[in-house]
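These notes are about the structure you will find just below.
Fair warning: this is a prediction, and the values are worked out from it, not measured in the lab.
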Amino acid sequence: DGLPTHVTAPSADSLKTPSISRSSHAQSRPNYTMSREDLKNERHDEMLRVYEERHIVNDSIRQITRPADNELGFLADDIADWIAKDMERLLSPISPNWDKADGSIATRTRSRITNTSTSGAATKHAASGSASLAQDVSNLAISHGKPAQIDAQLAADIGKIKKWTATNGNYQGSEKAMYDPIRSFIVYVARRVKDRLSRSGLSEKVRDECRLILPVEVTDYKPVDSDDSTRIDIGLVDTKYDAAIAMCGRASYYQLRALFEVKMDKEDVAGAFVQLYKYSRQLFAEQHHLRFALGFTICAGDVRLCHFGPSKAVSSDPMDVTTSNGRRAFIQLLVNMSLCDDSQLGRDPTMRYLPALNCWEIDCPDDKDDNGTSRAVSSRYYFTKVICVADRLFGRHTRCFLATANRPTKKLKVDESLETAVVIKDAFAFAKPIASEDDRDEVKTLKKIRATFERNNPNSIIYAKIVVGGRVKFKRGGRIVEDTTSTMYPGVNGELLAKVSSDLLFRAHRRIVMDTIGEPLRTAKTAKEFVAVICDAMQCHYAIVDKCKILHRDISDNNILVVRMKDGTVRGLLIDFDCAIDLSKEKMEVRGEMTGTFPFMSLNNLTCSTVPRTSLDDWESVLYLLCWYATIGFGTGEDRSEVRARLKNQPIARWRNGTLDTIVNAKRSNLRSLENFYHDIVRWFDDRDKNSKQLRAFALRLYRALFANKLGKGYHGTEGEVDDPFMASLLNDQPPLTSVSADSTNVTDPFALRAENWEDISKDLLGVINNTKAEMVDWEDSDF
């Protein structure tokens, strides 16, 4: 590629974001059932559905980067005006029509000042009484410097920009040939922003918070921290405002502030967005402090901004750079990105990487008053290790860090870890706008659990013990804001805000510190360790339902941790109460709400049944979790391809792949009878573990208690199989049974009848757990 002119060698020190974030990267949950090509195709299909179902077009999304500070906002307008006029002069030096085409900047500036009271650069325009474009240009020249002088290098850049902006319809040439003109446009704006900021009269402190937005030098490349083979077209990074105009040679996803997907065809909008979705997913995985992501699509001359929030993708109308209006809009966006608060580009200001110490610093809120006020009281922690990353485009974007309250006294070595004492969970959870009215707030849930168990915990149950927690708050535009979906979209119109932050989509950024340290469930080395962990977790689950009236509703491998005690024993910890409900305040869920992770979701949950969700749905998830890990094996250290070869054509693979109906039908078929369950699932457990026989027995006992239980009549995992046509009806998806009553027309949904007996059946399941734990003293310690 030919590089834009006026670009010096990259300066690593000038980058606002270091090339590597110092943390042990936690891998996302591996998909052992699919090849990389299959996974790539699945992601492509998923992104197509995103475009069809979650993509909104609303041009007010461009306002999210307008500086929250009024003075900086007006300065951004002035700088963008100046750059646009300068570019038009250079692109069309003999054309007098730009003022007429776009509307007089002087008129816009005068109107803005007339209707707004402010200071700084904008006030200077108010005093000048600008009456014409020429006078406005003169005033801006006095306060911001003279227009760019045309020299050979600038002429070359303008020639490249003209090549792109002269596009009429589809771009004539190759897609890669578009990269250089696009980058030249961005570099030109950055150069002029730097010049104007140096002359702006802003304090050094304010200028230090500004930045230059620059393209990455290498194009069409795979970032070093990518988890697939996808190549990005153009990346954007930021540098200090006073740094030399230099492009980073090959930026990682961690360094990138935004991405561009480029298409030659003006009509290939869907293809551009689908590709952009694939890139942006990885921004969330690599940037632990990313609240939302920004990206651009360019189809010939049409530029579109795209914002990726927790629930929706929102794009602007096209900015057509073949017109002066479109160029002006794109310039304004780039200038806004240079002057706006860092939080308006998606970064979380309460989480910072410290290069001098080679670790992260994070502020954790402490909402002691629980009254929904916007206080910013917090405790500070430090971490290097990440045990859970946000690896999806949408959702809660849950991240977990192992941290300490002790600030390091010296720079940590690359392979050096901190002595950690707490685990920090960070997520955008569904919530109610007013914190005090939010009964499903995980912070409140964990405080209730802690208060209950501190009074009475006779069995020494390990539980998620909260230290501090609350909604994340930070300062923006001179005031404290609470980080929610409402404040994530500043400046947008009411129509868009209603679509992205309605009652059903409203999310709040919560951060919670807990003092029990654990590792992901996949780190269990043997069947004996695994069973000990899930038995502990479900004993805790039962006690929380019984004593606290809290129902978890999201049992998965991400929500149970392995806790290694100092004496060498292994315990289990149940975490993540984002989806939990307080049964003392609301009834069991009857709205057909689906929560959880597909492979581990209960049949009742998968079908979005209106039958109330009970603790039995969580117990059913444990059975699926046990079967899944018993099949793929424990602590084998196998390559994903080796595990995939073993899983090939096994029925359990259908619990992970395919449509929702496919998963439901597969589970019903596999669980239709004890014989089916054994033949389809249990017999495929990994025999390399010395306790595989005991593992099979445990799975069969759980199955009997859940699906062959005479409705809680004392089954504790010791009797033989129970022949129960009622449960057979549930699994075979038969019509509701005729109840035994005088009225032969009375029918009962089998799920509903099981739900009515959930307390008795839960006691039977606890009995299975207790018996299994007692037997485990005789299990062997596997060492395969």
Main-chain N/O of [Y] paired to [X] side chain as donor or acceptor, under 3.5 Å:
X      : Y      : result
Thr614 : Leu616 : yes
Thr452 : Lys448 : yes
His552 : Ile575 : yes
Asn676 : Ser669 : yes
Asp557 : Leu521 : no
Glu519 : Val563 : no
Asn665 : Asp661 : yes
Glu419 : Thr404 : no
Lys444 : Asp438 : yes
Arg668 : Val664 : no

Side chain to side chain contact (heavy atoms under 4.5 Å, CB included) between His541 and Asp618, intermediate numbers included: CA-CA 9 Å; His541 179 280; Asp618 287 351; 2.7 Å; yes
SB check [X] [Y] (cutoff 4.0 Å):
X      : Y      : result
Asp617 : Arg553 : no
Arg450 : Glu454 : yes
Glu620 : Lys667 : no
Glu286 : Arg281 : no
Asp686 : Arg688 : yes
Lys425 : Glu442 : yes
Arg510 : Asp426 : no
Arg440 : Asp582 : no
Asp366 : Arg511 : no

In a check of ring pair (Phe, Tyr, Trp, His ring centres under 6.0 Å) between Phe530 and each of Phe698, Tyr629, Phe685, Trp628, which one passes? Tyr629
When Phe383, Tyr382, Trp360, Tyr381 are each screened for ring pair (Phe, Tyr, Trp, His ring centres under 6.0 Å) with Phe401, the one that passes is Phe383
Trace of the side chain to side chain contact (heavy atoms under 4.5 Å, CB included) decision for Phe284 with Asp391: CA-CA 6 Å; Phe284 287 109; Asp391 63 339; over 6 Å; no
Compare all side-chain heavy atoms of [X] with those of [Y] and state whether any distance is below 4.5 angstrom.
X      : Y      : value
Pro310 : Phe394 : no
Leu766 : Lys763 : no
Val422 : Thr516 : no
Arg471 : Asp367 : yes
Leu702 : Leu626 : yes
Asp536 : Leu573 : no
Ile466 : Val443 : yes
Leu583 : Ile550 : no

Verdict with reasoning, Arg613 to Asn604, per side chain to side chain donor-acceptor pair (under 3.5 Å): CA-CA 8 Å; Arg613 295 271 301 283; Asn604 192 27; over 6 Å; no
When you look at Asn670 and Phe677, which way does the side chain to side chain contact (heavy atoms under 4.5 Å, CB included) test go after all the steps? CA-CA 5 Å; Asn670 302 150; Phe677 179 55; 5.6 Å; no
Pair [X]-[Y], side-chain donor/acceptor within less than 3.5 Å:
X      : Y      : answer
Asn770 : Gln539 : yes
Ser556 : Asn558 : no
Thr662 : Arg654 : no
Asp228 : Ser226 : yes
Gln694 : Lys528 : no

Whether over 12 other heavy atoms sit under 6.0 Å from Lys773 NZ: yes
Counting only heavy atoms not in Arg564, do more than 12 fall under 6.0 Å of its CZ?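 Yes, enclosed.
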Mutual orientation of the aromatic rings belonging to Trp655 and Tyr624 [parallel < 30°, tilted 30-60°, perpendicular > 60°]: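 Because their plane-to-plane angle is over 60°, the rings of Trp655 and Tyr624 count as perpendicular.
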Are Phe428 and His509 near enough that their ring centres are under 6.0 Å apart? yes
Kindly give the heavy-atom pair with the smallest separation between Met601 and Ser621, and that separation in Å. CA-OG, 4.1 Å
Just to verify, what does Asp439 make a side chain to side chain contact (heavy atoms under 4.5 Å, CB included) with, not counting sequence neighbours?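 Once residues adjacent in sequence are excluded, the partners of Asp439 under the side chain to side chain contact (heavy atoms under 4.5 Å, CB included) criterion are Lys585.
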Start with the C-alpha gap between Arg696 and Asp687, add the side-chain angles, then the distance that decides, and say whether salt bridge (Lys or Arg N to Asp or Glu O under 4.0 Å) holds. CA-CA 10 Å; Arg696 289 186 173 94; Asp687 279 321; 2.9 Å; yes
Trace of the side chain to side chain contact (heavy atoms under 4.5 Å, CB included) decision for Trp619 with Ile769: CA-CA 11 Å; Trp619 282 99; Ile769 290 289; 3.5 Å; yes
